[in-house]
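Inspection log for the structure reproduced underneath, given as structure tokens.
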Amino acid sequence: MEGKLSSVAKNFTPSPIQELSQLAQRCNAINLAEGFPDFPAPPCIKEAAVSAINNDFNQYRHVQGICDQLALKMKKTHGLDVNPLTDIAICCGQSEAFAAAIFSIISQGDEVLLFDPCYETYEGCITLAGGIPVYVALEPPQWTLDPEKLMRSFTSRTKAIVLNSPHNPTGKVFSRDELEIIAEGCRRWDCVAITDEVYEYITYDNQKHETIAKLPGMQERTIITSSLSKTFSVTGWRIGWAIAPASAASAIQNIHIRITDSAPAPFQEAALTALRSPIEYFETLRGVGSGRMEYELKRDFCMKLLGSVGFRIQFKPQGSLFLFAELPKDCLLSDVEYVEELIKQAGVVVVPGRGFFHGNESCKYQKRYIRVAFCKSEATLNAAAQKFGELINAKACPKILY
């Protein structure tokens, strides 16, 4: 059968990250790698899902109420007028919404701009569509956007640009000035912005997420993708959406139907409860007005923890659920080697940074970062801190200590 595999399948081979994940499982390592919470979703949302199942919302289904709620949120949050009947496609998570958006826009040979580092699945979707990824490097350590570099990257073949803000893996929230620069490029070169806004409500230190679609001339050329997953701690529900001009939303919906037919019906029904959550819920995500250890506090906890073992954290995450930390200055290991030793010696797993870089491999910094997910329970974070503490006290494995 190996000889029958397509060229795409042959190119999609296991990454070092997958191999490290298997090692982590064998070592029963504490998981600070994957970006999903290990604590319960809000009770009212779970109860809504159970109620939907018990009330037999279990067959193929489209819940128009989700679209109605999303349209209301877009108006209230961003001042955008979205027609819930024509401008929204409900998909199986943001990942499918993004893939369907790419498939709806990109043809063979079209170029798509991506900011580097970036989430690894973007490239795969573009390649499957026959497009050509073109990477625009963000400059470390502040992950700065160079306007001239961006503008030089546009060509007559540029069809779209992908914008993920708040950003995975760095935690960067693109500023209004940066959005204006990106929008200017889109307007000048007549290309589409495809956004990934799954962390839209998870920002820190008075930062606020803005969608590029609200800028002049951009709503008609923007496809917004997002989901319930991160905001409501239900990454396994697979309820996401694309918000776009009617022609693009219709194309995305048609592609979705041909691939998966319907998003999970009971979770669509439960999504109505989630999307109707009061504003106080979104504030508690950031640690505002809550006695629980929420995300802003979790971020600060992990920054202090990593700093204690020599990591250099020159950029404080402004949003998302991740820290992108540089290896200790005197550490001679690469990111992959470091993570392997961390699993073996401390029983903690994080993600090597190189999986997020796709541009010039000669840049040494591309093998000097690790990504840490801090969307974990207090028990998990405290257990990881204890493991690091034991490592320091025992003066074990000096290769991974400062």
Side-chain angles (χ1 to χ4, degrees), residues 6-9 11-12 15 70 86-136 150 153-169 174 182-183 185-186 189-200 211-213 218-227 229-230 238-263 355-359:
S6 69
S7 58
V8 169
N11 287 330
F12 284 8
S15 68
L70 288 171
T86 62
D87 299 351
I88 302 175
I90 304 301
C91 299
C92 296
Q94 184 276 334
S95 295
E96 192 206 18
F98 180 86
I102 290 291
F103 297 157
S104 71
I105 295 296
I106 302 306
S107 300
Q108 191 74 31
D110 288 340
E111 293 179 350
V112 181
L113 301 188
L114 295 157
F115 295 111
D116 209 36
C118 68
Y119 188 49
E120 61 183 350
T121 62
Y122 301 154
E123 180 182 46
C125 293
I126 294 164
T127 301
L128 284 171
I132 301 170
V134 176
Y135 291 96
V136 181
L150 172 63
S153 300
F154 285 96
T155 74
S156 59
R157 294 196 298 172
T158 305
K159 189 73 167 290
I161 184 168
V162 174
L163 175 61
N164 170 214
S165 181
H167 184 253
N168 175 10
F174 282 76
I182 297 166
C186 290
W189 291 93
D190 190 26
C191 70
V192 175
I194 302 176
T195 73
D196 174 353
E197 303 184 21
V198 292
Y199 304 106
E200 58 194 309
T211 180
I212 197 170
M218 287 305 296
Q219 186 173 2
E220 60 264 34
R221 62 174 70 252
T222 299
I223 300 174
I224 298 169
T225 68
S226 192
S227 77
S229 293
K230 309 300 183 176
R238 313 317 298 146
I239 300 296
W241 49 84
I243 302 174
S247 57
S250 176
I252 291 167
Q253 186 68 23
N254 289 337
I255 291 168
H256 157 71
I257 289 171
R258 283 162 175 78
I259 295 174
T260 57
D261 195 277
S262 173
F356 301 99
F357 290 105
H358 306 82

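Just so it is clear, the values below take in all heavy atoms, side chains as well, and ignore hydrogens, waters and symmetry mates. Everything quoted here is computed from the prediction, not taken from an experiment.
Using cut-offs of 30° and 60° on the angle between ring planes, the pair F174 and H167 is perpendicular.
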Could you tabulate the donor-acceptor pairs under 3.5 Å formed by side-chain atoms of residues 123-132, not counting sequence neighbours?
unit_1, atom_1, unit_2, atom_2, d
E123, OE2, Y135, OH, 3.2
T127, OG1, E123, O, 2.9

Report all side-chain donor-acceptor pairs from residues 86-95 shorter than 3.5 Å, counting only partners two or more places apart or in another chain.
unit_1, atom_1, unit_2, atom_2, d
D87, OD2, N83, N, 3.0
Q94, NE2, T225, OG1, 2.9

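Screening residues 99-111 for salt bridge (Lys or Arg N to Asp or Glu O under 4.0 Å), with sequence neighbours left out, gives D110-K159, E111-R157.
Counting all heavy atoms, side chain and backbone alike, P245 lies closest to Q219 at CG-O, 3.7 Å. Pairing each heavy atom of L150 with each of V136, the nearest pair is CA-CG1, 4.1 Å. Closest non-hydrogen pair, S229 versus R238, comes out as OG-NH1, 3.5 Å. Nearest heavy atom pair, residue W241 against residue A97, reads O-CB, 3.6 Å. Contact record, I239 with S227: O-CB, 3.2 Å, taken as the closest heavy-atom pair.
Annotation: the span from T155 atom OG1 to W189 atom CH2 amounts to 6.5 Å, rounded to 0.5 Å. The structure places CG of L70 at 8.5 Å from OG of S226, a figure rounded to the nearest 0.5 Å. With rounding to the nearest 0.5 Å, the separation of CD1 in I102 from CD1 in I194 is 3.5 Å. Taking CD1 from I182 and CG from L163, the interatomic distance works out to 5.0 Å, rounded to the nearest 0.5 Å. Taken to the nearest 0.5 Å, the CD1 atom of I252 stands 4.0 Å off from the OG atom of S104. Atoms OG1 and CD1, from T211 and I243 in turn, are 8.5 Å apart once rounded to the nearest 0.5 Å.
By the ring-ring contact (aromatic ring centres under 6.0 Å, His included) test, Y122 pairs with F98, Y119, sequence neighbours left out. In this structure, S156 has no side-chain contact (heavy atoms from CB on, under 4.5 Å) partners at least two apart in sequence or on a different chain. With sequence neighbours excluded, the residues that form a salt bridge (charged side-chain N to carboxylate O under 4.0 Å, His left out) with R221 are D190.
Here the side chain of S250 pairs no donor or acceptor atom with the backbone of S247 at under 3.5 angstrom. Using a distance-only test at 3.5 Å, with no hydrogens or angles considered, no donor-acceptor pair links the side chain of T195 to the main chain of E197. Judged purely by atom type and a 3.5 angstrom limit, N164 uses its side chain to pair as donor or acceptor with the backbone of P166.
Side-chain contact check for V134 versus T158: every heavy-atom pair is 4.5 Å or farther apart.
Just one of I161, I105, V162 meets the side chain to side chain contact (heavy atoms under 4.5 Å, CB included) condition when paired with V112; it is V162.
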